[in-house]
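Below is one structure, written out as structure tokens; comments come after it.
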Amino acid sequence: MTGANGQLATLILAQLDARGVPAIGGSRNPTGDQRPLDFDDPGGLDLTDVTILLLVSAGYAEDDRVVARHRAVLDAAVRDGVRHVVYTSVTTAGDHLAFAPAHRATERMIRHSGLAWTLLRNGLYAELFGALLTWTPDGLESPFGDGMLAAVSRADLAAAAAVVASAPAAHAGRTYDLVGEPISATAVAAHLGVDHRTIGLGEYRTRLLSDGGLLPFQPPMLASIATGIRHGFLGGTGPDLEQLLRRAPSNAVTIAATTIDALRPARTGPV
């Protein structure tokens, strides 16, 4: 399991442990019994004794760096005798998103690697959708308009990944589109009992570009999510997630609402 200290990988490892499936986490900054695994140090990558590689995308960078990282770990997997790679990609509907090319390039490398493979095309997190809303004195605002997102909880994606990694041969050569039921910013606001106001995409981009806390590749990434949701490209659902989980997906509206509610500014002044 790569990226073992990340939020998704941590949940997957917990799911595998609950299933009694032995798994080793790999990380640039390993803790405990984790294995050192730095994608930016190809010569130091060691995947000996690894049968199944669950490759969590190293997407926190520009595309060329992401693809180079994935190529390095796939080369190590072939060299060290890994038999099957499971990759966390991005939903099929996300082909137009600014960060999709690195995922699709990685998928192509995996298919051409000679390894058995399974692709998990993960939908956008319900937690992310909630976090991208903004509090105002009048309620919530966003650039999403009335657009819908087939959002999915991080925990559900982790559970689906654990299902596949527990019996990879049954999923070899499969591409799963792991999306949930469509939700909207208006629905999240209604769940919290507040109003939702839409802002223009130009205003949103201006805010992103002026945010000194964002890395250079992040404003176009976030802007592409906003326009994709607003114009109806990311609202389609499908059966793959429910079939892998053998249950209905978690309620994405509740999860998104819980996320943004935790970010609500503290009330000040007289009650």
Side-chain angles (χ1 to χ4, degrees), residues 3 6-8 56-67 69 88-106 121-154 157 179-180 182-189 191-192 194-236 252-253 255-266:
Q7 294 183 75
L8 178 61
V56 176
S57 173
Y60 206 70
E62 297 288 354
D63 285 354
D64 55 347
R65 190 173 179 190
V66 173
V67 173
R69 287 170 171 173
T88 63
S89 188
V90 68
T91 175
T92 303
D95 275 349
H96 60 286
L97 293 172
F99 50 96
H103 284 292
R104 299 299 179 247
T106 300
R121 287 186 165 179
N122 290 347
L124 299 187
Y125 299 147
E127 294 91 341
L128 173 65
F129 187 69
L132 292 178
L133 304 175
T134 302
W135 283 106
T136 74
D138 300 317
L140 292 172
E141 69 178 18
S142 80
F144 302 139
D146 295 324
M148 308 289 283
L149 171 67
V152 58
S153 76
R154 191 180 280 110
L157 293 174
V179 291
I183 66 173
S184 68
T186 301
V188 174
H191 185 87
L192 294 171
V194 300
D195 292 330
H196 169 254
R197 183 177 78 90
T198 297
I199 63 172
L201 292 172
E203 180 179 352
Y204 185 58
R205 186 180 293 273
T206 297
R207 292 184 187 181
L208 293 173
L209 291 173
S210 64
D211 186 340
L214 295 177
L215 296 172
F217 69 91
Q218 290 179 308
M221 176 188 76
L222 294 170
S224 73
I225 291 174
T227 192
I229 294 172
R230 186 175 183 132
H231 295 109
F233 290 106
L234 296 170
V253 168
I255 293 165
T258 299
T259 300
I260 188 58
D261 195 40
L263 300 173
R264 188 195 296 254

Exercise for review: Any chance you could lay out the side-chain contact (heavy atoms from CB on, under 4.5 Å) test for Thr259 and Phe129, step after step, and finish with the verdict?
Suggested key: CA-CA 9 Å; Thr259 300; Phe129 187 69; over 6 Å; no
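- Side-chain atoms of Arg197 never come within 3.5 Å of backbone atoms of Thr136 as a donor-acceptor pair (strictly under, hydrogens ignored).
- Looking only at distances, a side-chain donor or acceptor of Glu127 sits under 3.5 Å from a matching main-chain atom of Arg154.
- Cation-pi geometry between Arg230 and Phe144 is not met: the NZ or CZ atom fails to fall both under 6.0 Å from the ring centre and inside 45° of the normal.
- Put simply, NE2 on His103 and OG1 on Thr91 are 10.5 Å apart, with the number rounded to the nearest 0.5 Å.
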Review point. Would Leu8 and Leu157 satisfy side-chain contact (heavy atoms from CB on, under 4.5 Å), going step by step from the backbone distance to the final call?
Key: CA-CA 8 Å; Leu8 178 61; Leu157 293 174; 4.2 Å; yes
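- Nearest heavy atoms, Gly236 versus Val179: O-CG2, 3.8 Å.
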Review point. Under the side-chain contact (heavy atoms from CB on, under 4.5 Å) criterion, do Leu149 and Ile229 qualify, and how do the steps go?
Key: CA-CA 6 Å; Leu149 171 67; Ile229 294 172; 4.1 Å; yes
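- Few gaps surround CZ on Arg207; more than 12 heavy atoms of other groups in view lie less than 6.0 Å from it.
- Distance check, rounded to the nearest 0.5 Å: CD of Glu203 to OG1 of Thr198 gives 11.0 Å.
- Rounding to the nearest 0.5 angstrom, the gap separating the CG atom in Leu222 from the CG atom in Leu208 is 5.5 Å.
- The shortest non-hydrogen separation linking Ala61 to Val66 is O-CG2, 3.6 Å.
- Here the side chain of Ser224 pairs no donor or acceptor atom with the backbone of Leu97 at under 3.5 angstrom.
- Atom CG in Leu263 sits 9.5 Å away from atom CG in Leu133 (nearest 0.5 Å).
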Exercise for review: Step by step, work out the side-chain contact (heavy atoms from CB on, under 4.5 Å) result for Leu128 and Ile225.
Suggested key: CA-CA 10 Å; Leu128 173 65; Ile225 291 174; 4.2 Å; yes
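- Contact record, Ser142 with Ala185: OG-CB, 3.8 Å, taken as the closest heavy-atom pair.
- Listed for the His231 side chain is a donor-acceptor partner under 3.5 Å among the backbone atoms of Thr227.
- The shortest distance between side-chain heavy atoms of Arg104 and Val90 falls below 4.5 Å.
- Nearest heavy-atom pair, Met148 versus Ser184, reported as atom, atom and distance to 0.1 Å: SD-CB, 3.5 Å.
- A donor-acceptor pair is defined here as one N or O able to donate and one able to accept, closer than 3.5 Å; such a pair exists between the side chain of Trp135 and the backbone of Ile260.
- Rounding to the nearest 0.5 Å places CG of Asp195 at 12.0 Å from CD of Glu141.
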Check your understanding: Where do Phe99 and Phe217 land on the ring pair (Phe, Tyr, Trp, His ring centres under 6.0 Å) test, with the steps shown first?
Key -> CA-CA 9 Å; Phe99 50 96; Phe217 69 91; 9.6 Å; no
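- The number of heavy atoms from other shown groups lying within 6.0 Å of CG (Asp146) does not exceed 12.
- Donor-acceptor pairing under 3.5 Å is lacking for the side chains of Arg121 and Thr88.
- Counting non-hydrogen atoms of neighbouring residues, nucleotides and ligands closer than 6.0 angstrom, the CD atom of Glu62 exceeds 12 such neighbours.
- Of all heavy-atom pairs spanning Thr186 and Gly145, the tightest one is OG1-O, 4.5 Å.
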